[in-house]
Amino acid sequence: MFLGRDKTQPKDLNDVISFLNQFEHPALILDWASHKGLVTQSKKGDISVTFPFAANAVIQSLTEWLSAKQSDGEAIPDLAISSRVVPMKAGDKTQLKGVKNLLVVSSAKGGVGKSTTSVNLALALKAQGAKVGILDADIYGPSLPIMLGTKGKQPITLDGKLMEPIEAHGLYSNSIGYLVPDEDAMVWRGPMASKAFAQLVNETRWPDIDYLIVDMPPGTGDIQLSLAQQFPVTAAIVVTTPQDLALADAIKGVAMFEKVAVPVLGVVENMSYHICSQCGHHEAIFGHGGAVKMAEQYGLSLLGQVPLHIQIREDIDAGNPTVESASDSEFSTIYKQLALNVASQLYWRGDASAESIAITTVG
Ligand SMILES: Nc1ncnc2c1ncn2[C@@H]1O[C@H](COP(=O)(O)OP(=O)(O)OP(=O)(O)O)[C@@H](O)[C@H]1O
């Protein structure tokens with residue numbers, strides 16, 4: 001092989017691309033290195049690998065793979081490896097200022113853990129190297145201030161127009177819960193709720209974030225439809241639990257997004273199985289295999305399966321979400337894997353916007 005013969009570093013871009021294509025990872029496609037803009041060479045000859053999505057776990061695996069090759073005596077190319085999240089197209093809608101990708105997290109029913117999933121997913125995307133914002137669009141029951149430990153905070157405006165998001169655990173957040181008392185939001189009707197949501201989205205100064213996670217109000221009614229239609233949604237993620245009834249509702253949720261031409265990235269099965277806090281025993285108390293079957297039947301991706309465990313509830317209720325407070329726990333590993341699936345599939349299955357192609361091909 002070209003690398004082994006004279007032990008000199010390969011310098012030719014095509015040779016390096018062929019070499020890198022041998023590296024396989026579940027978050028990469030076959031021949032990933034040949035994909036436009038991922039492996040580039042500067043005028044000086046330096047070669048860079050730039051993953052176009054939040055990919056810290058991939059970067060770590062690639063670095064380990066290269067070290068192992070080197071230990072085996074292979075000459076490996078000198079590479080600068082990093083990630084830079086690119087904005088993906090959101091239909092024909094114009095991107096929100098300061099937001100590269102807007103992901104809505106929805107559920108057809110209340111109480112399935114949509115907000116818990118949104119917050120931990122946002123933190124896990126951050127752990128994968130992204131700059132992340134989270135918007136609590138659950139107008140009728142905003143839970144973000146409690147889950148992020150930011151209750152009582154209020155966004156300030158520096159220019160009299162735009163709200164500065166509240167920063168917590170390294171996330172940029174805004175919530176109707178910061179702006180009005182819970183009981184006021186509860187009595188809002190459709191148009192008022194939509195207006196409040198529009199204000200939150202448009203009048204927050206999002207500081208060039210890679211992903212904005214929007215925690216939607218539960219259900220598949222007019223409000224959800226109009227929210228999904230109004231905004232440049234890159235993709236939707238549907239959270240469900242394993243019971244048959246919840247799965248049937250989740251299918252309604254998927255159909256709702258299809259109606260308004262918002263691509264559904266996939267499904268997250270929350271409370272997938274119970275882990276006993278005493279003995280660690282796994283038990284499928286809500287049934288087994290439902291989401292897998294549903295995903296297969298409807299051609300959806302099963303993005304992750306999160307267990308039901310008391311630590312996840314206790315951490316989030318205390319404003320200290322698990323991915324942050326126990327970043328090496330098995331639960332955080334599951335959320336980080338979910339985040340990698342979300343980030344990578346969003347890229348490989350979507351269309352990069354024109355701006356991103358321009359960014360990635362600059363040598
Ligand atoms: N995987 C989990 N393990 C343990 N507890 C969980 C898990 N997911 C969610 N919970 C708990 O279940 C309750 C409901 O979760 P959450 O508020 O996230 O649901 P939701 O779908 O956003 O609800 P709503 O419909 O009110 O918006 C919370 O007390 C949360 O801590």
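No experiment lies behind these values; they were computed from the predicted model shown. We count ligands from 1, going down the list as the structure has it; atoms in each ligand are counted the same way.
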If we ignore angles and hydrogens, is there a donor and acceptor under 3.5 Å between the side chains of [X] and [Y]?
{"X": "Ser34", "Y": "Asn21", "result": "yes"}
{"X": "Asn341", "Y": "Gln337", "result": "yes"}
{"X": "Gln345", "Y": "Ser301", "result": "yes"}

- Going by an N to O cut-off under 4.0 Å, is there a salt bridge joining Asp210 and Lys100?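 Yes, charged N to carboxylate O under 4.0 Å.
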- Item | Sorted by chain and number, the residues that approach ligand 1 to under 4.0 Å with a heavy atom |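 For ligand 1, the residues that come within the 4.0 Å heavy-atom cutoff are Gly110, Gly111, Val112, Gly113, Lys114, Ser115, Thr116, Asp138, Met147, Pro218, Asn270, Met271, Val306, Pro307, Leu308, His309, Ile312, Arg313, Ile316, Asp317.
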- Is there a donor-acceptor pair under 3.5 Å between the side chain of Asp136 and the backbone N or O of Ser143?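 Here the side-chain-to-backbone pair exists.
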- Over 60° means perpendicular and under 30° means parallel, so classify the ring planes of His35 and Trp348, tilted if in between.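 Judged by the thresholds at 30° and 60°, the geometry between Trp348 and His35 is perpendicular.
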